[in-house]
Amino acid sequence: MKFYITGSTRGLGKYLANHFKCTCIDRPINLNTDINKVLDLFEEGDCVILNAHASQLEYVKRLKDKCKLVVMGSIASVSPDPNMPNYSKEKLELENYVNSISTYCPVLYLRLTSSSYKSYSLIARSIQFWIDNPDTTFIGYNIND
């Protein structure tokens with residue numbers, strides 16, 4: 001199984017890319033417009049960490065039957081950010097869709113808070129836990145600074 005990650009140029013994505021020895025999918029590829037090009041990179045059974053916000057729902061829909069997926073969600077799905085209503089709406093739609101497929105697709109949804117997003121090793125351990133225990137489908141965090 002090969003590991004891939006979107007959104008790996010800094011922060012959590014960079015940490016996870018190094019930790020799991022991922023192939024990174026970032027610029028110059030445009031994750032919003034080059035979807036078919038990106039999808040062609042993956043083989044059956046690969047693990048794709050969708051860290052970049054770009055077109056996450058579309059990637060989940062198109063990869064759910066081919067790859068194992070780790071989806072970076074947000075607490076904004078259930079506690080909307082009034083300053084980012086579209087982001088909150090997209091994250092809610094993503095979370096609902098992932099929940100609807102999680103009983104028959106290998107997917108892990110991580111509902112991150114702004115403070116948990118900074119806990120790189122905790123998130124890496126959560127992903128490793130899922131790899132070792134694939135019946136886990138959802139992990140939510142409640143970490144405060």
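Basis for what follows: all heavy atoms, side chains included, without hydrogens, waters or symmetry-related copies. We number each residue from 1, following the sequence as shown.
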Student: Contact between L50 and V70 at the side-chain level, heavy atoms closer than 4.5 Å - yes or no?
Tutor: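 When only atoms from C-beta onward are counted, V70 and L50 do not touch, as no gap falls below 4.5 Å.
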
Student: Calculate, to the nearest 0.5 Å, the distance between atoms CD and CG belonging to Q128 and N133 respectively.
Tutor: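 If I round to the nearest 0.5 Å, the distance is 9.5 Å.
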
Student: May I have the step-by-step check of ring-ring contact (aromatic ring centres under 6.0 Å, His included) for H53 and Y87, ending in yes or no?
Tutor: CA-CA 9 Å; H53 175 66; Y87 175 83; 5.0 Å; yes

Student: Is the closest side-chain heavy-atom distance between Y15 and S8 below 4.5 Å?
Tutor: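 A side-chain contact is absent here, since even the closest heavy-atom pair is not under 4.5 Å.
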
Student: Is V60 linked to L63 within one hydrophobic cluster, defined over Ile, Leu, Val, Met, Phe, Trp and Tyr using a side-chain heavy-atom separation of less than 4.5 Å?
Tutor: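 Cluster IDs for V60 and L63 match.
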
Student: State, yes or no, whether a side-chain contact exists between L112 and M72 at a heavy-atom distance under 4.5 Å.
Tutor: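 L112 reaches M72 side chain to side chain.
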
Student: Quick check: closest heavy atoms across G13 and I5, and the distance to 0.1 Å?
Tutor: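 Looking at all heavy atoms of both residues, the shortest contact is O-CD1, 3.5 Å.
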
Student: Can you measure from CG (D81) to CG (N86) and round to the nearest 0.5 angstrom?
Tutor: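 One gets 11.5 Å once the value is rounded to the nearest 0.5 Å.
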
Student: Is F20 close to I131 at the side-chain level, that is, under 4.5 Å between some pair of heavy atoms?
Tutor: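 I131 vs F20: side chains touch.
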
Student: May I ask you to test the K68-L108 pair for a side-chain heavy-atom distance under 4.5 Å?
Tutor: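 They are not in contact (no side-chain heavy atoms under 4.5 Å apart), so the answer is no.
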
Student: To the nearest 0.5 Å, tell me how far S77 OG sits from R111 CZ.
Tutor: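 These two atoms lie 4.5 Å from each other.
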
Student: Are S55 and N32 close enough, and set up right, to give a side-chain hydrogen bond (donor to acceptor under 3.5 Å, both in side chains), and what steps lead you there?
Tutor: CA-CA 6 Å; S55 302; N32 287 312; 2.7 Å; yes

Student: Take E95 and V78 through the side chain to side chain contact (heavy atoms under 4.5 Å, CB included) test and state the conclusion after the steps.
Tutor: CA-CA 9 Å; E95 183 172 312; V78 293; 4.0 Å; yes

Student: Passes side chain to side chain contact (heavy atoms under 4.5 Å, CB included), S100 versus Y97? Steps please.
Tutor: CA-CA 5 Å; S100 76; Y97 184 76; 4.0 Å; yes

Student: Minimum heavy-atom separation for Y4 to L41, with atom names?
Tutor: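 The answer is OH-O, 3.3 Å.
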
Student: Taking C-beta and beyond as the side chain, do Q56 and V71 meet within less than 4.5 Å on heavy atoms?
Tutor: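 SC-SC contact between Q56 and V71 confirmed.
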
Student: On a heavy-atom basis, which atom in S126 and which in I139 lie closest, and how many Å separate them?
Tutor: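 For S126 versus I139, the nearest heavy atoms are CB-CD1, 3.8 Å.
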
Student: Any link between I75 and L92 through a network of hydrophobic side chains (Ile, Leu, Val, Met, Phe, Trp, Tyr) touching at under 4.5 Å?
Tutor: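 Different clusters: I75 never reaches L92 through Ile, Leu, Val, Met, Phe, Trp or Tyr contacts under 4.5 Å.
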
Student: Please assess F42 against C67 for the test side chain to side chain contact (heavy atoms under 4.5 Å, CB included), listing each intermediate value before the final yes or no.
Tutor: CA-CA 8 Å; F42 311 126; C67 297; 3.7 Å; yes

Student: I'd like to check Y120 versus L16 (side-chain heavy atoms, cut-off strictly below 4.5 Å). Are they in contact?
Tutor: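 Result no, sub-4.5 Å side-chain heavy-atom pair not found.
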
Student: Under a 4.5 Å side-chain heavy-atom rule over Ile, Leu, Val, Met, Phe, Trp and Tyr, are M1 and V107 clustered together?
Tutor: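 They do not share one cluster, since no chain of ILVMFWY contacts under 4.5 Å joins M1 to V107.
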
Student: For K64, look at atom NZ and say whether over 12 heavy atoms of other residues, nucleotides or ligands are found less than 6.0 Å away.
Tutor: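 Buried by this count: over 12 neighbours within 6.0 Å.
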
Student: I need the W130 CH2 to D132 CG distance, nearest 0.5 Å.
Tutor: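 Result: 11.0 Å between the selected atoms.
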
Student: Nearest 0.5 Å, what's the NZ-CG distance between K66 and L39?
Tutor: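 Rounded to the nearest 0.5 Å, the NZ-CG separation comes to 7.0 Å.
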
Student: Which pairs with one or both residues in residues 41-62 pass salt bridge (Lys or Arg N to Asp or Glu O under 4.0 Å), sequence neighbours excluded?
Tutor: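 Checked against salt bridge (Lys or Arg N to Asp or Glu O under 4.0 Å) - neighbours excluded - the pairs reaching residues 41-62 are E58-R62.
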
Student: Would one find more than 12 heavy atoms of other residues, nucleotides or ligands at under 6.0 Å from atom NZ of K2?
Tutor: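 For K2, atom NZ is not crowded (no more than 12 foreign heavy atoms under 6.0 Å).
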
Student: As an exercise, state the distance from NZ of K14 to OG1 of T9, rounded to the nearest 0.5 Å.
Tutor: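 Here the rounded value is 8.5 Å.
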
Student: Closest approach of I49 and C22, non-hydrogen atoms and distance?
Tutor: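 Heavy atoms of I49 and C22 come nearest at CD1-SG, 4.1 Å.
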
Student: Sort out for me which residue in L31, T6, L94, L69 forms a side-chain contact (heavy atoms from CB on, under 4.5 Å) with Y59.
Tutor: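 Among the candidates, only L31 passes.
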
Student: Report the residues that fulfil side chain to side chain donor-acceptor pair (under 3.5 Å) with E93, sequence neighbours left out, ordered by chain and then residue number.
Tutor: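 So E93 forms no side chain to side chain donor-acceptor pair (under 3.5 Å) with any residue.
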
Student: Between L110 and Y141, is there a side-chain heavy-atom distance shorter than 4.5 Å?
Tutor: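 Yes, their side chains come closer than 4.5 Å.
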
